[in-house]
Amino acid sequence: MLKGSARKHLRGLAHGLRPAVQVGKEGLTEAVVKAIDAAIEASELVKVQIAAERDERLEIAATIEQRLGCECVGTIGRMAILYRQHPDPEKRSVRLPD
């Protein structure tokens, strides 16, 4: 569980990112989950664009968190910002504030 200051820092880092994956009309398919997992594995912090109604977007973001063991650090419109720290300290590209 991330502290508020860490969440704020991650949202700031994500500001310039483009969406890595898009969840389309078909919803959260297995292929989309695998693509999100690969994107998080590669860069730790990703934006995911979710094409759904507001309530459904929050539900989809929560499902992604559960299935992939990541955290949704913020949502902006149709974007969800997801973060999962890389298990290998050598490969971590995002530094969290203390």
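As a basis for the values below, the full set of heavy atoms in this structure was taken, side chains included, without hydrogen atoms, waters or symmetry mates.
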> Could you go step by step and tell me if Leu13 and Tyr83 meet the side-chain contact (heavy atoms from CB on, under 4.5 Å) rule?
Replying inline: CA-CA 11 Å; Leu13 291 175; Tyr83 172 74; over 6 Å; no
> For the residue pair Leu96 and Leu2, what are the closest heavy atoms and their distance?
Replying inline: CD1-CD2, 4.0 Å
>> Looking at every heavy atom in both Pro87 and Pro89, which two are closest together, and how far apart are they?
In response: O-CD, 3.3 Å
> Tell me the salt bridge (Lys or Arg N to Asp or Glu O under 4.0 Å) pairs involving residues 41-58, sequence neighbours left out?
Replying inline: Glu41-Arg84
> Given the rule that I, L, V, M, F, W and Y join up when any side-chain heavy atoms are under 4.5 Å apart, are Ile60 and Ile40 in one cluster?
Replying inline: yes
>> Looking at Arg11 and Val73, would you say the former's side chain and the latter's main chain have a donor-acceptor pair under 3.5 Å?
In response: yes
>> Using a 3.5 Å distance criterion without hydrogens, assess whether the side chain of Arg78 forms a donor-acceptor pair with backbone atoms of Ala52.
In response: yes
> Passes side-chain contact (heavy atoms from CB on, under 4.5 Å), Ile76 versus Ile81? Steps please.
Replying inline: CA-CA 8 Å; Ile76 302 138; Ile81 302 166; 3.7 Å; yes
> Heavy-atom distance under 4.5 Å between the side chains of Leu82 and Val48, does that happen here?
Replying inline: yes
> If we only count heavy atoms from C-beta on, is the Leu17 to Val46 side-chain gap below 4.5 Å?
Replying inline: no
> What closest approach, in Å, do Val21 and Ala39 show between heavy atoms, and which atom pair accounts for it?
Replying inline: CG2-CB, 4.4 Å
>> So, taking the atom named CD in Gln49 and the one named CD in Gln22, what distance separates them when rounded to the nearest 0.5 Å?
In response: 4.5 Å
> To the nearest 0.5 Å, what is the distance between CG (Leu28) and CD (Glu59)?
Replying inline: 10.5 Å
> With a 4.5 Å heavy-atom cut-off, do Ile64 and Cys70 have their side chains touching?
Replying inline: yes
>> Looking at every non-hydrogen atom in both residues, tell me the closest pair between Ala61 and Ile50 and how far apart they are.
In response: N-CD1, 4.4 Å
> Any idea which heavy atoms bring Val32 and Gly27 closest together, and the distance?
Replying inline: CG2-O, 4.3 Å
> What are the two closest heavy atoms between Leu68 and Val33, and how far apart are they?
Replying inline: CD2-CG1, 3.8 Å
>> Quick check against the 3.5 Å criterion: does His9 have a side-chain atom that pairs as donor or acceptor with the backbone of Arg95?
In response: yes
>> Contact between Ser93 and His86 at the side-chain level, heavy atoms closer than 4.5 Å - yes or no?
In response: no
> Does Cys72 offer a backbone N or O that forms a donor-acceptor pair with the side chain of Arg7 under 3.5 Å?
Replying inline: yes
